[in-house]
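Have a look at the structure below before the remarks.
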Amino acid sequence: MKYEQLARDIIANVGGKENVSSVVHCITRLRFKLKDESKANTEVLKNMDEVVTVMKSGGQYQVVIGNQVPDVYKAVVTEGGFQGQPTVEEEEGPKGSLFSRFIDMISSIFTPVLGVLAASGMIKGFNALFVALGWIENTSGTYQILNATGDALFYFLPIFLGYTAIKKFGGTPFLGMAIGAALIYPALSTLTAGKPLYTLFEGTMFASPIFITFLGIPVILMSYSSSVVPIILATFFAAKVEKWLRTFIPDVIKTFVVPLFTLLIVIPVTFMVIGPLATWASSLLGHGSLFIYNLSPVIAGILLGGLWQVIVIFGLHWGLIPIAINNVATMGYDTILAPVFAASFAQIGAVLAIMIKTKNQKLKTLSIPAFISGIFGVTEPAIYGITLPLKKPFIISCIGAAIGGAVAGFTNVKGFIVGGLGIFGIPSYISPDGLGMDLWGALISIVVGFIVAFVLTMLFGGINKAQQPSSLSEGITAASVEIAATKLQGEEVVSPLNGEVLELSQVKDAAFSTGALGYGVAIEPFEGKLVAPVSGTVSALFPTNHAIGITSDSGADLLIHIGMDTVQLEGKYFTAHIAQGDHVEKGQLLIEFDMDQIKKAGKSLTTPIVVTNHKEQDLKLTNQKLVKTGDQLFELVH
């Protein structure tokens, strides 16, 4: 498996598999629920080659991977043996705040269906687009098949959420599916076509016609297709009932008796109490969000659009997605997510400006895939890898998103489908009545957001002076590399190795030879001992011990990379005598490595020593060809 080693490293650095209560993934992140987050080695994880960054939010420990996260997730599940592990929160360990637990619950329920949800929304959107353009008729077989394909998940959403929700709550998944199926059982929905027996709460906003009773108790029949809240509450209740039944029913009959009584208790209670209360609450929630939006659509658009990317960073957007789905189910449209549609386009507008303007080849290279991903609504690579480390472009992208959101609010854009991301989300704004202002308003908002972010980043992004993010070769990831001189007071950097001094341009790795990662020299070592070239703090130590970052006491950031492609040795032949975070003294032994075995493995031992926050002209290099540890290698000047 391609990601076996990465999976092992991730598991080890989240505190081991025994520290993992559950792990799921979304489009770009591994979302761990850890028993004790203090056991996780966050800095080591951040410095891994395949890891973009690490976030702690909503009661989850999130390891951001990127587009390849599904494959990494499979490797993590396999290596950790998590296939049969329950996804519920363990009883022991910190629970986090009520809000954090709510966000964790929502994300755990929706994450497994997120990909299919987006795909279904895209199909529905394109089907509506094809009809609006006159390409197909809404009576044709093509339309009907596409409509069934796109609508199936939404119609049967209670069944899908029944599985994921009860699993989160610690119950049996198929019980949750059975409860969801009962809620949308066709024979019950047809009963409402007849004449009601009588009406409950007549004359109030809760007036409900009664068509059937259960053991003489009135049952309020409602439409539960595409609903969210009723099934979540029902499965929560079901998990509690199932757990209670298991405490006293004999083991010999538990297999069928526990499900029997769980269904007999939960489904009638859901139809009579939980379902109606949840449906009324859903309606109030939808109308409440619409009321707030209608107070000032423009201000709502500015706030939602401008803050959306920040909300996403902390994983708090999960609290709004169920509201949007509920709004579409109860009102036929949603205004919560419409103002944030421009956010991903503002983000790629900023990235495009960086890609055009930057003179740093590494940054330009990183910007291309981030831009492409952003077009399709996956902005984490752009946010974490490009704009957030550079700071100003991220702020500018939020400004662009806020202005785009204001446009969406001003034109009263409504979304009719919750689904597609990025450009695939455009058809979501096509009204069932055809092409209208909702679509044109959405298009104007994303164009405005994109242009504003692009122009402002070109003018005020500070690209050539700003911190430049780079994913360092073979694994050490620098959050940012400041190429501008830091005006350090002159500092002497001594040789960490005994060996022959080479120009950096001779290193057979473009990231080093071009100076993309910093400036300095390389050494062909004569002895397998690496000592500290300065007194300072170990800022990064790669898990395989082949690369180390040191921040000197006066602020110089040094990167030392022992050999080329040595990460492929997976730590063999390298022994570290320090740990990340340690303070070291100049000349102190840091790492020992077996030169003979590394050479037998076919790896070069050429070792670059570079300063990542100093200009080339600010380094006074030694003119010696042979050096021993302690000899001056270069001096930092201003």
Side-chain angles (χ1 to χ4, degrees), residues 3 5-83 85-112 114 164 167-170 309-319 380-381 383-385 388 475 477 479 540-543 580-581:
Y3 297 105
Q5 185 57 49
L6 175 63
R8 286 193 287 268
D9 291 340
I10 290 174
I11 293 169
N13 286 289
V14 295
K17 60 183 180 180
E18 64 279 357
N19 193 41
V20 177
S21 292
S22 67
V23 57
V24 295
H25 76 88
C26 56
I27 294 178
T28 58
R29 312 178 192 189
L30 294 172
R31 295 172 174 268
F32 287 94
K33 188 71 175 178
L34 302 182
K35 297 175 184 176
D36 185 357
E37 284 191 0
S38 66
K39 293 182 179 180
N41 196 335
T42 300
E43 291 306 314
V44 170
L45 286 167
K46 284 183 177 180
N47 290 332
M48 289 183 182
D49 188 35
E50 306 280 356
V51 174
V52 178
T53 191
V54 174
M55 301 295 303
K56 301 176 186 177
S57 179
Q60 293 182 332
Y61 191 86
Q62 303 171 10
V63 181
V64 183
I65 300 295
N67 296 339
Q68 66 273 29
V69 71
D71 295 328
V72 176
Y73 171 76
K74 290 177 183 177
V76 167
V77 169
T78 300
E79 294 297 321
F82 300 136
Q83 294 92 336
Q85 188 166 336
T87 60
V88 296
E89 211 174 48
E90 298 291 338
E91 292 297 324
E92 67 273 15
K95 296 286 185 178
S97 68
L98 183 63
F99 181 69
S100 293
R101 291 164 63 186
F102 170 75
I103 295 297
D104 171 60
M105 178 194 73
I106 293 298
S107 63
S108 296
I109 290 172
F110 280 90
T111 292
L114 185 61
T164 60
K167 191 176 179 183
K168 172 62 182 174
F169 298 135
Q309 295 176 90
V310 178
I311 291 172
V312 169
I313 286 174
F314 291 100
L316 304 181
H317 58 299
W318 287 106
E380 279 86 347
I383 292 174
Y384 296 124
L388 190 59
T477 300
L541 178 63
F542 197 68
Q580 185 166 316

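As the structure is a computational prediction, the values presented were derived from the model and not from experiment.
- From Glu37, atom CD reaches atom OG1 of Thr42 across 8.0 Å, with rounding to the nearest 0.5 Å.
- In terms of heavy atoms, Gln580 sits closest to Asn47 at OE1-ND2, 3.5 Å.
- To the nearest 0.5 Å, atom OH of residue Tyr3 and atom CD1 of residue Ile10 are 10.5 Å apart.
- Going from atom CD of Glu18 over to atom CG of Leu34 covers 11.0 Å, rounded to the nearest 0.5 Å.
- Leu30 and Val76 get closest at one heavy-atom pair: CD1-CG2, 4.1 Å.
- Residues Met55 and Val64 share a closest heavy-atom pair of CG-CG2, 4.4 Å.
- The CG atom of Leu45 sits 4.5 Å away from atom OH of Tyr61, with the distance rounded to the nearest 0.5 Å.
- Distance CD/Gln60 to NZ/Lys33: 7.0 Å, rounded to 0.5 Å.
- Summarising the geometry of Ala7 relative to Glu79, their closest heavy-atom pair is CB-CG, 3.8 Å, with the distance given to 0.1 Å.
- Residues Lys17 and Gly80 share a closest heavy-atom pair of CD-O, 3.5 Å.
- Summarising the geometry of Asn19 relative to Val14, their closest heavy-atom pair is ND2-O, 2.9 Å, with the distance given to 0.1 Å.
- Note that CG of Leu6 and CE of Met48 are 7.0 Å apart. Values are rounded to the nearest 0.5 Å.
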